[in-house]
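Reviewing the structure listed below.
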Amino acid sequence: MINPIYLNSEVKEQMKQSFRENGMIKLPNFLTRDVHNKLLEDIKKQEGKGEKVPDRFSFRQYNQIKIVKDLSKQLSELISAIIGKTVKMQFNIRGYGHRDYTLIHDSELSGKKIEFFYVISPPWDSAWGGNKVYTGSDEPLVFAPEDNSFCLVDKRKDMNSFIQYINHRAGNNSYIILEGF
Amino acid sequence: MKTDIFVNRSVIDSKESLKKQFDISKPFRHVLVKDFLNEPRARKIVQALKKEKFEEKEADLFHLYQTKDLESTNNKVLKEVYSLFSSSEFLEIIKEITGIKATKIDMAGSLYKDTNYLLCHDDQLSGRKIAYILYLSEDFKEREGGSLVFFNSKDKKPTSIAKKYPPLWNSLMLFEVSPISYHEVEENISNKDRYALGGWFH
């Protein structure tokens, strides 16, 4: 289900080292094509529910689906291998389109340390907004939505994350993100 | 500073009715003063503002362009507006409309280009009593975005949209800064530039 390249023990070792050095790692072509497509298909079967708290967020929330549950064991093993300790995961499935965003919120300032996200997206122009941004004392980390990519981020003490407002140039395009910690 | 050189006589004459509107307006106290400046003066100000240097500002909450505080501007026309707004005569008029006594101001120019926005927040910061925006763009239609949006609130948290004010040429918006003054500037979805002068009375 996860691209077999990432399950190779030598590659795992490289990823572990890279994560330790950079505090983040991005893995393109993360799931096998059939699993990626099934995931998208199953999510699209749901209508999702628009969630908005104006001073905090706006997005579409989807229910958990079976294929993600099936995937989670393999995923938690991989994450554990990269960060060097076992993890217990939780995640949300959300959709972001025009007028959606999340804002940095005080209650999240001392948030979770390790975060991950997986994206299913049409070809995306970052001028549409929707980038996932990690800010802190260093240069911000900016992740443009990229289909079938997986990112793992070690949020240092002073780091906050948000999803940039998506502007009208996105038209009817939207992407799906599985966010977890 | 002679206020009536700048401000329309009709505005000064209707302070009482403006005060009433300010007090009864929901979801928090505010008033939109139409045809605020004498027309030629407003034209001069927008021409001057377009010559100022605007810096791009981008964070989770906003993407827009802004000038430095105009207290330090070298532009004569903008200096005059700054002096007008901070004059005791003008602050007295603001007090008569809002019932709130202010002693000093902030003022900066803002520019929202296509796709720019300012998301929901309450403006609260120590000392801010009244927020103001003087709209200096040719009229926007509501579908073109750029509206000032006020939110209803429950338990001091913003809930639904209460009111929308598309930027109306030469009108002055005044609203009271409070724990429930939740507002946003909708994304500009037109190719028009949305210029305004704004800030706070402290």
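Labels below follow one simple rule: chain letters A, B, ... track the order of the sequence lines, proteins then strands, and each chain is numbered from 1.
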Worksheet entry | Residues, nucleotides or ligands: over 12 heavy atoms within 6.0 Å of Lys45(A) NZ | yes

Worksheet item: Between the main-chain N or O of His168(A) and the side-chain N or O of Glu187(B), is there a donor-acceptor pair closer than 3.5 Å?
Response: yes

Item to complete: Quick one: pull up CG in Asp60(B) and CD1 in Ile163(A) and give me the separation to the nearest 0.5 Å.
Response: 12.0 Å

Discussion item. What I'd like to find out is whether the side chain of Thr115(B) reaches to under 4.5 Å of the side chain of Arg169(A), using heavy atoms alone.
Written reply: yes

Response to the item:
On a heavy-atom basis, the closest approach of Pro158(B) and Pro54(A) is O-CD, 3.6 Å

Item to complete: Output the distance between atom CD1 (Ile161(B)) and atom NZ (Lys52(A)), rounded to the nearest 0.5 Å.
Response: 5.5 Å

Discussion item. Would you say that more than 12 heavy atoms from the other residues, nucleotides or ligands in this model lie under 6.0 Å from the CG of Asp13(B), or not?
Written reply: yes

Worksheet item: Are there more than 12 heavy atoms of other residues, nucleotides or ligands under 6.0 Å from atom NZ of Lys26(A)?
Response: yes

Discussion item. Less than 4.5 Å apart, side chain to side chain, heavy atoms only: is that true for Gln164(A) and Glu58(B)?
Written reply: yes

Practice prompt. Output the residues of residues 15-24 of chain B for which the shortest heavy-atom distance to chain A is under 4.5 Å, in residue-number order; output 'none' if no such residue exists.
Written response: none

Worksheet item: Is the backbone N or O of His121(B) less than 3.5 Å from a side-chain atom of Asp55(A), with the two atoms forming a donor-acceptor pair by type?
Response: no

Practice prompt. Please report the closest heavy-atom contact between Leu103(A) and Leu119(B), naming both atoms and the distance.
Written response: CD2-CD1, 3.8 Å

Discussion item. Is Ser160(B) close to chain A through its backbone or its side chain, or both, or neither, when contacts mean heavy atoms under 4.5 Å?
Written reply: neither

Discussion item. Is Tyr101(A) in contact with chain B via its backbone, its side chain, both, or neither, using a 4.5 Å heavy-atom distance?
Written reply: side chain

Worksheet entry | Region of Asn188(B) that comes under 4.5 Å of a non-hydrogen atom in chain A | backbone

Worksheet item: Under 6.0 Å from the CD atom of Glu52(B), do we count more than 12 heavy atoms belonging to anything else shown?
Response: yes

Worksheet item: Does any pair with a residue in residues 42-81 of chain B pass ring-ring contact (aromatic ring centres under 6.0 Å, His included), and if so which ones, sequence neighbours excluded?
Response: Phe54(B)-Tyr195(B)

